[in-house]
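None of the values given here were measured: they were computed from a predicted structure.
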Amino acid sequence: MKSVWNSFLIALSMYSKIPVPQADWTEKNMRYALCFFPLVGAIIGALGYGLYYLLVRFALPSMLAGAILTALPVVVTGGIHMDGFCDTTDAISSRQPREKKLEILKDSHAGAFAVLWCAVYFIVYFAAACSISLHTYLVFLSAYVFTRALSALSIANFPTAKEGLVSTFKQAGANRVVTAVSLLWIAGAVLFSLVFSLWLGLIVAGTGIVVYLFCVAVFFKVFGGISGDLAGWMLQETELFMLLAAAIGGALL
């Protein structure tokens with residue numbers, strides 16, 4: 001049980017800025033960390049809904065809600081997944097051979113493409129966040145869990161594109177446990193959405209699956225496997241398009 005608790009602490013300390021006691025990053029303690037990765041998404045969703053409810057309660061402007069919902073995932077996570085998004089967009093946009101793309105992923109500097117696409121990302125995310133109602137957000141918020149469970153599932157099962165933290169997680173073992181738990185998280189997230197709106201829930205979840213499969217194709221075709229940066233890029237892409245699907249679907253249904 002102690003190793004499970006330490007895995008929980010490592011997951012929160014790595015994937016969020018939530019203050020928790022620090023655990024040693026040993027192979028034993030990291031064994032089940034990915035099982036708790038989607039829990040960070042659940043925390044973001046709960047905070048987002050609570051803040052949005054208060055904004056609606058006090059009749060504050062929808063643009064303020066949009067700004068809060070846009071900033072919240074970055075504030076809670078510290079931007080770790082956006083870092084992967086930026087590195088990956090730099091690598092893809094470089095049009096270089098695979099080896100050079102993998103080198104770009106390791107580069108800590110942000111290139112012009114990263115800055116441009118990051119700006120585009122937040123503009124689109126903000127516009128979509130301003131366009132959803134409280135009920136629509138309730139259907140969408142399970143996407144925070146859904147995308148992180150997909151990320152954990154991918155890390156546990158896909159070959160690595162380069163050595164790094166993903167390799168460390170895979171070597172720690174428990175990939176079967178991570179796979180099983182991630183599938184449960186995914187099923188629970190989809191069911192949560194469907195309970196509040198069958199058709200909108202299907203649209204949001206379906207969009208997430210399509211975008212995820214596209215990202216997986218990029219993993220293998222362009223990079224030859226997965227890495228931490230690529231998993232972060234996939235998470236951000238999938239979350240953005242699920243939010244767009246919620247905004248458009250909510251307006252049409």
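Trp117 places no side-chain N or O within donor-acceptor distance of the main-chain N or O of Asp90, the cut-off being under 3.5 Å. The main-chain N or O of Ser197 is never found under 3.5 Å from a side-chain atom of His135 such that the two would form a donor-acceptor pair. Lys17 places no side-chain N or O within donor-acceptor distance of the main-chain N or O of Gly78, the cut-off being under 3.5 Å. One N or O on the side chain of Arg98 and one on the backbone of Lys221 form a donor-acceptor pair closer than 3.5 Å. A donor-acceptor pair is defined here as one N or O able to donate and one able to accept, closer than 3.5 Å; no such pair exists between the side chain of Thr160 and the backbone of Ser227. Distance alone, capped at 3.5 Å, is enough to place a donor-acceptor pair between the Ser94 side chain and the Ala91 backbone. Distance alone, capped at 3.5 Å, places no donor-acceptor pair between the Glu237 side chain and the Leu235 backbone.
Rounding to the nearest 0.5 Å gives a distance of 11.0 Å between CG of Leu9 and CG of Asp24. Annotation: the span from Lys106 atom NZ to Leu102 atom CG amounts to 7.0 Å, rounded to 0.5 Å. Note that CH2 of Trp5 is 12.0 Å distant from CD1 of Ile10, once rounded to the nearest 0.5 Å. Atoms CH2 and OG, from Trp185 and Ser142 in turn, are 11.5 Å apart once rounded to the nearest 0.5 Å. To the nearest 0.5 angstrom, Ile123 atom CD1 is 11.0 Å from Thr70 atom OG1. Between atom CH2 of residue Trp25 and atom CG of residue Asn6 there is a gap of 12.0 Å, rounded to the nearest 0.5 Å.
Judged by distance alone, the side chains of Tyr212 and Ser154 do bring a donor and an acceptor atom under 3.5 Å apart. A donor-acceptor contact closer than 3.5 angstrom is absent between the side chains of Tyr144 and Glu239. Using modelled atom types and a 3.5 Å distance limit, the side chains of Thr136 and Ser133 yield a donor-acceptor pair.
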Run the ring-ring contact (aromatic ring centres under 6.0 Å, His included) test on Phe37 and His81 for me, step by step, so that the C-alpha distance in whole Å, both residues' side-chain angles and the decisive distance to 0.1 Å come before the verdict. CA-CA 12 Å; Phe37 184 19; His81 309 306; 5.6 Å; yes

Report the C-alpha distance between Phe8 and Tyr32 in whole Å, list the side-chain angles of each, state the deciding distance to 0.1 Å, and finish with yes or no for ring-ring contact (aromatic ring centres under 6.0 Å, His included). CA-CA 8 Å; Phe8 166 77; Tyr32 303 106; over 10 Å; no

Apply side-chain hydrogen bond (donor to acceptor under 3.5 Å, both in side chains) to Thr238 and Thr147, showing your working. CA-CA 7 Å; Thr238 308; Thr147 54; over 6 Å; no

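The number of heavy atoms from other shown groups lying within 6.0 Å of CZ (Phe113) does not exceed 12. Counting non-hydrogen atoms of other residues, nucleotides and ligands closer than 6.0 Å to CZ of Phe214 gives a total of 12 or fewer.
Counting heavy atoms from C-beta outward, Phe36 and Val4 have side chains that approach closer than 4.5 Å. The shortest side-chain heavy-atom distance between Ile132 and Leu69 falls under the 4.5 Å cut-off. At least one side-chain heavy atom of Cys118 sits less than 4.5 Å from a side-chain heavy atom of Met82. Looking only at side-chain heavy atoms (C-beta outward), Thr77 and Arg148 come within less than 4.5 Å of each other. The shortest side-chain heavy-atom distance between Leu34 and Tyr15 falls under the 4.5 Å cut-off. Residues Leu134 and Leu138 are not in side-chain contact: their nearest non-hydrogen atoms beyond the backbone lie 4.5 Å or more apart.
Using a 4.5 Å cut-off between side-chain heavy atoms of Ile, Leu, Val, Met, Phe, Trp and Tyr, with links allowed through other members, Val120 and Ile92 fall into the same hydrophobic cluster. Residues Phe158 and Phe223 fall within the same hydrophobic cluster, defined by Ile, Leu, Val, Met, Phe, Trp and Tyr side chains chained together at heavy-atom separations under 4.5 Å. There is a path of hydrophobic side-chain contacts, each under 4.5 Å, that joins Met242 to Leu253.
Looking at Val124, Val204, Val210, Thr207 one by one, the single match for side chain to side chain contact (heavy atoms under 4.5 Å, CB included) with Phe241 turns out to be Thr207.
The aromatic rings of Tyr137 and Tyr49 sit parallel to each other, their planes meeting at less than 30°, with 60° as the upper class boundary.
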